[in-house]
Amino acid sequence: TISMHHISGTDRHQITFSSLDGQIPSDNAVRVIDAFVDRLDLARLGFAAGNPREDGRPSFDPKAFLKLYIYGYFNGIRSSRRLE
């Protein structure tokens, strides 16, 4: 979905034929990373999101990139191509 300032992912709780949220075990570390980053105030921590332009495609939410970075760190994945 596209918000006014950032691109956000598809709602994980939306049920189609199968829910992405239902495919991730309840004890998976991804859930901890997701909940942790969602509760962070990135601006207060010094993360600058920049000023999105009014034209063109919106940027991705910085929290999504932070979640990927933390996931990669905990799993020893240093390559952005491997994270993809």
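Every value quoted in this text rests on a predicted model; they were computed, and no experiment measured them. FYI, side chains are in, hydrogens and waters are out, and symmetry mates aren't considered; it's all heavy atoms of this structure.
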So, the side chain of R31 versus the backbone of P25: is there a donor-acceptor pair under 3.5 Å, distance only?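 Checked: pair present.
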Donor-acceptor contact present, side-chain N75 to main-chain Y71, <3.5 Å: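 Side chain of N75 to backbone of Y71: a pair is present.
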Is there a chain of hydrophobic side chains (I, L, V, M, F, W, Y, each step under 4.5 Å between heavy atoms) that links [X] to [Y]?
X	Y	result
V37	Y69	no
L68	F36	no
V32	L40	no

Grab the two heavy atoms, one from I24 and one from N28, that are nearest each other, plus how far apart they are.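 Closest pair (atom of I24, atom of N28, distance): CG2-CB, 3.7 Å.
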Nearest heavy-atom pair of G72 and L83: which atoms, and what distance?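 Closest approach of G72 to L83, heavy atoms only: CA-CD2, 3.7 Å.
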Sidechain N-carboxylate O distance under 4.0 Å for K67, D61: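 The answer is no: the pair does not qualify as a salt bridge.
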So, are D38 and K63 salt-bridged, with charged N and O less than 4.0 Å apart?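 The answer is no: the pair does not qualify as a salt bridge.
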Does a side-chain heavy-atom distance below 4.5 Å link F74 with I33?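 Yes, side chains in contact.
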